[in-house]
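Structure first, then comments.
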Number of protein chains: 2
Amino acid sequence: MADDDIRARIQQLGVRQQRFERHLAKELGVDAAGIEAMDHLISTGPATPTELARRLEISTAATTLVLNRLETAGHIHRERHPTDGRKLVVTAEQNSAELAYSHVLPMIEGVEQLVESMTPEERMTIQRFLDQLITIYDDATRKTHQNF
Amino acid sequence: MADDDIRARIQQLGVRQQRFERHLAKELGVDAAGIEAMDHLISTGPATPTELARRLEISTAATTLVLNRLETAGHIHRERHPTDGRKLVVTAEQNSAELAYSHVLPMIEGVEQLVESMTPEERMTIQRFLDQLITIYDDATRKTHQNF
DNA sequence: GATACTTGCTAAAAAAATTGATAATCAAGA
DNA sequence: TCTTGATTATCAATTTTTTTAGCAAGTATC
C-alpha cells in the first residue's frame, strides 16, 4: 500500500520539476528548451549545437533556433571550433550564467540542507533508490519500443 | 559532497520522467498534454475541462483543443454536467484507459517491486525525503515570484 | 583526389499554445 | 422576474516552437 504513496510522490515531484522549469523560463525570459540548454552549458561547460540537440532530444534544426533566441537575448555566444570547421562551440555568457544560477540557488540550497540533515545510511538509501528508479524508467521507456 | 550526487540523480530522474512521457505519447499516438489529461482522467476519474486545464496548467482554450484531439482519436467522450449546464464531464474510454495502463504497467510494477524490496524504515526515509523535496521545489518556484 | 559522412543552417509546413471574443448558463440582488 | 456579473467551454486569429527536407561547407576515408 505504501507503494502507491511513494509512486504518487514520485509523480508529484516530476510535476514540480516541470513547473519549476517553466517558472524559471518565464522568470529569465527564455523558453523551456532554452533553460535546459543553459543548464547544460553552465553545469557541463561549452558544447556544440549537435551535443545540445542530443541532450535536449530535439533536432539540430530546432537547436539552431533555440540558440538563435538565446544569442539574441545575449545569453550565449557561438565561436568556431578550433579544429573542426563544421562545428561551433556554444558558451554561456558569464552574466547570464550567474543570473540563472541565482534563480536556481534556493532549490540547490534546499536540497543541500535536506541531504545534510540526513544520516549517511539514509543518504545511501536515497541514492540507491534514485538509481534504481532511474533504471526502472529507462527500462519502461525501452520496453514497448521493442515490440518491433 | 554527496549532495551533488543526489541532486544530479534527482535531475536525471526528471529527465527520464519526461522522456517516458514522450515515449508514451508517441506509443499511443497522442501528444504529451493528452497523456497528462488521460492520466488524470484514469487515476482520478471523470473531470470537467476547467479542472483539467488547472491540472495541466494550460488555458481552458488549449484544453478544448487537447480534448478535441483526444475525442477524435476515441480516447475520451464529453457529456453534459448533470446539474451545471455550463460544465461538461470528460470521461476516459474504457478501451483507451486499459491500453494506456498496459503501457505504464512496467513502470508501475518496477516501482512496486522496488518499494517492496525495502525495509519499513527505508520506506519512511524515502517518503520523508520525497515530501521535503516537493516542498523545496514549491518554495523555490514561489520565491522569485514574490519579488513583486 | 573522389566519394561519403558530418555539421549547422534555412525555408516551408505542421503542431500546439496563447489571447481575446462569444454564447450559454448560473447565482444573487433589486 | 429580470438584470447584472461571474463562470464555463468554445472559437478565431495570432504567436511560438517544432519538424521535415534540403543544402552548403567542412571532414574523413578509401
Side-chain angles (χ1 to χ4, degrees), chain A residues 15 18-19 21-41 46-73 75-92, chain B residues 15 18-19 21-41 46-73 75-92:
Chain A
V15 171
Q18 281 187 249
R19 187 180 296 161
E21 186 174 295
R22 270 205 310 259
H23 165 72
L24 215 57
K26 185 156 286 178
E27 204 68 33
L28 298 174
V30 303
D31 51 296
I35 288 290
E36 289 192 45
M38 287 300 288
D39 171 76
H40 188 253
L41 292 174
T48 69
T50 297
E51 285 167 358
L52 288 170
R54 266 196 285 271
R55 170 66 203 284
L56 305 189
E57 299 179 50
I58 57 178
S59 65
T60 60
T63 304
T64 295
L65 303 178
V66 171
L67 294 178
N68 287 348
R69 297 194 289 268
L70 287 176
E71 194 171 53
T72 302
H75 294 315
I76 59 148
H77 62 99
R78 297 186 242 215
E79 301 161 280
R80 314 189 58 96
H81 188 102
T83 67
D84 192 334
R86 295 165 301 182
K87 297 183 180 177
L88 291 179
V89 177
V90 182
T91 310
Chain B
V15 170
Q18 280 186 251
R19 187 179 298 161
E21 186 174 295
R22 268 205 310 249
H23 165 73
L24 215 58
K26 186 156 286 179
E27 204 68 33
L28 298 174
V30 304
D31 51 296
I35 288 290
E36 288 192 47
M38 288 300 288
D39 171 75
H40 188 253
L41 292 174
T48 69
T50 296
E51 285 167 358
L52 288 170
R54 264 196 286 272
R55 170 67 202 285
L56 305 189
E57 301 181 50
I58 57 177
S59 65
T60 59
T63 303
T64 295
L65 303 178
V66 171
L67 295 178
N68 287 347
R69 295 193 290 267
L70 288 176
E71 194 170 51
T72 301
H75 294 316
I76 59 147
H77 62 99
R78 299 185 240 214
E79 301 161 281
R80 312 189 55 98
H81 188 102
T83 66
D84 191 335
R86 295 166 299 182
K87 296 183 180 178
L88 291 179
V89 176
V90 182
T91 310

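By convention in this document, chain letters (A, B, ...) are assigned in the order of the sequence lines, proteins followed by strands, and residues within each chain are numbered from 1.
For D:dA24, the OP1/OP2 oxygens have no side-chain nitrogen or oxygen of A:R86 closer than 4.0 Å. Residue B:S59 places at least one side-chain N or O under 4.0 Å from the OP1 or OP2 atom of C:dT18.
By the 4.5 Å heavy-atom criterion applied to side chains, B:D31 and B:R69 are counted as neighbours. In this structure, the side chains of A:L41 and A:E51 stay at 4.5 Å or more apart for every pair of heavy atoms. A heavy-atom distance below 4.5 Å is not found between the side chains of B:Q18 and A:E57.
Following rounding to the nearest Å, A:D31 (CG) and D:dT15 (P) show an atom-to-atom distance of 17 Å. Straight-line distance from the CD atom of B:E36 to the P atom of C:dA16: 14 Å, rounded to whole Å. Between the CG atom of B:D84 and the C1' atom of C:dA27 there is a distance of 10 Å, rounded to whole Å. Atom CD of B:E57 is separated from atom P of C:dT18 by 11 Å (rounded to the nearest Å). Distance, B:R78 CZ to C:dA24 C1': 16 Å, rounded to whole Å. Distance CG (A:L88) to P (D:dG26): 12 Å, rounded to an integer number of Å. Straight-line distance from the NZ atom of B:K87 to the C1' atom of C:dA27: 13 Å, rounded to whole Å. Computed from coordinates, the A:I58 CD1 to D:dT19 P distance equals 6 Å when rounded to whole Å.
Closest approach of A:E71 to A:I76, counting heavy atoms only: N-CG1, 3.6 Å. Across all non-hydrogen atoms, the minimal contact from B:I58 to B:A62 is CD1-CB, 3.9 Å. Minimum interatomic distance between A:A37 and A:L52 (heavy atoms only, all atoms of both residues): O-CD2, 4.2 Å.
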Next on the checklist: Please determine whether salt bridge (Lys or Arg N to Asp or Glu O under 4.0 Å) holds for the pair B:E36 and B:R55, giving the CA-CA distance in whole Å, both sets of side-chain angles, and the decisive distance to 0.1 Å.
Outcome noted: CA-CA 9 Å; B:E36 288 192 47; B:R55 170 67 202 285; 5.0 Å; no
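Non-hydrogen atoms lying under 4.0 Å from DNA chain C are contributed by A:T64, all within residues 62-69 of chain A.
Listed nucleotides D:dT10, C:dC9, D:dT18 differ in distance to A:A33; the shortest reach to its side chain belongs to D:dT18.
In this structure, B:R54 and A:V30 both approach DNA chain D, and ranking their closest nucleotides by distance from the 5' end singles out B:R54. Place A:T60 and B:T48 on DNA chain D by their nearest nucleotides, and B:T48 ends up nearer the 5' end.
Counting non-hydrogen atoms under 4.0 angstrom, A:R80 reaches nothing in the nucleic acid.
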